[in-house]
Amino acid sequence: MSLRDDRNGRGSLDLRRELSELRAERDRLRAENARLSRLLELRGEDTTPAAEQLAAPVGPGGLVSMAGSTPKQKLALYLDLFRARTDTYARRWEDPRTGKNGWMPVVAGGWRKGITRATARLLPLTPDVVAAHLGARSRQDLFIGLYPMLPDNTCWWLAADFDGKTAMLDALAYVKAA
């Protein structure tokens with residue numbers, strides 16, 4: 001519907017108001033982008049987002065894409081990007097009585113009275129475990145934590161969490177330092 005198509009004028013007024021609001025939001029976002037670019041000292045550099053990455057290389061098997069790849073290929077990409085210790089992984093736990101929760105290494109038979117770290121047999125991180133985690137949809141599903149520091153003290157990835165009122169500034173300072 002064009003602005004002229006509305007006979008009583010009310011629809012055109014709504015469209016004009018919506019257009020005005022969208023222009024104001026665009027201007028606000030441009031100003032925010034400029035402010036963040038100044039904080040990162042990116043003046044003169046291209047700060048426009050890159051085109052969406054539709055595919056990613058995974059070894060000799062070729063490219064992985066959302067629509068054209070099998071779940072096995074997608075899992076291989078995930079495992080390659082988030083390399084971690086394979087001799088163990090953590091699982092999230094929650095005590096419904098106390099409300100406490102946390103993470104602990106997964107052991108054969110589960111943690112129970114009498115098991116110590118010395119006697120516990122850690123379960124390995126396998127592609128099946130990661131696939132179960134990625135398919136998690138409810139609280140009963142498997143939520144795992146990875147140990148990114150490998151036995152040789154190398155690491156393939158890093159995650160950082162910034163909270164609070166200064167989260168954006170903290171994140172920008174982190175990126176700048178990196």
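In this structure, Arg121 places its CZ atom where only 12 or fewer heavy-atom neighbours from other residues, nucleotides or ligands lie under 6.0 Å away. Within a 6.0 Å sphere centred on CE of Met104, other residues, nucleotides and ligands contribute more than 12 heavy atoms.
Judged as a side chain to side chain donor-acceptor pair (under 3.5 Å), the pairs with a partner in residues 155-170 (not counting sequence neighbours) are, in order, Thr166-Asp170.
A single hydrophobic cluster is not seen to contain both Leu169 and Tyr174; linkage of ILVMFWY side chains at heavy-atom distances under 4.5 Å, directly or through other members, places them apart. Under the 4.5 Å side-chain contact rule for hydrophobic residues, Leu13 and Leu19 do not share a cluster. In this structure, Met149 is not a member of the same hydrophobic cluster as Phe82, with clusters built from ILVMFWY side-chain heavy atoms closer than 4.5 Å.
Of all the heavy atoms in Leu122 and Pro105, the pair that sits closest is CD2-CB, 3.8 Å. Here the shortest heavy-atom pairing between Ile115 and Ala120 reads CG2-CB, 3.7 Å. Minimum heavy-atom separation, Lys74 to Met66: NZ-O, 2.7 Å. In terms of heavy-atom proximity, Arg85 sits nearest to Pro151 at CG-CD, 4.1 Å. Looking at every heavy atom in both residues, Ala84 comes nearest to Leu146 through CB-CB, 3.8 Å. The shortest non-hydrogen separation linking Trp103 to Ile144 is CZ3-C, 3.3 Å.
When each of Arg97, Arg92, Arg91 is tested with Glu94 by the rule salt bridge (Lys or Arg N to Asp or Glu O under 4.0 Å), just one qualifies, namely Arg92.
For the pair Leu75/Val130, a side-chain contact is recorded, criterion being any heavy-atom separation below 4.5 Å from C-beta on. Between Lys100 and Trp93, the closest side-chain pair of non-hydrogen atoms falls below 4.5 Å. For the pair Leu123/Val107, no side-chain contact is recorded, criterion being any heavy-atom separation below 4.5 Å from C-beta on. Annotation: side chain of Leu81 is in contact with side chain of Leu77 (closest heavy-atom distance under 4.5 Å). Put simply, the side chain of Asn101 does not reach to within 4.5 Å of the side chain of Asp95, judged on heavy atoms. At a threshold of 4.5 Å between non-hydrogen side-chain atoms, the residues Pro127 and Leu79 count as touching.
A side-chain N or O of Asp152 and one of Thr154 form a donor-acceptor pair less than 3.5 Å apart.
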Self-check item: side chain to side chain contact (heavy atoms under 4.5 Å, CB included) assessment of Val106 paired with Thr88
Solution: CA-CA 7 Å; Val106 178; Thr88 187; 5.9 Å; no
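The OG atom of Ser20 sits 12.0 Å away from the CD atom of Glu25 when rounded to the nearest 0.5 Å. In this structure, OG1 on Thr116 lies 7.5 Å from CH2 on Trp111, to the nearest 0.5 angstrom.
Residues passing the ring-ring contact (aromatic ring centres under 6.0 Å, His included) test with Tyr147: none are found, sequence neighbours excluded.
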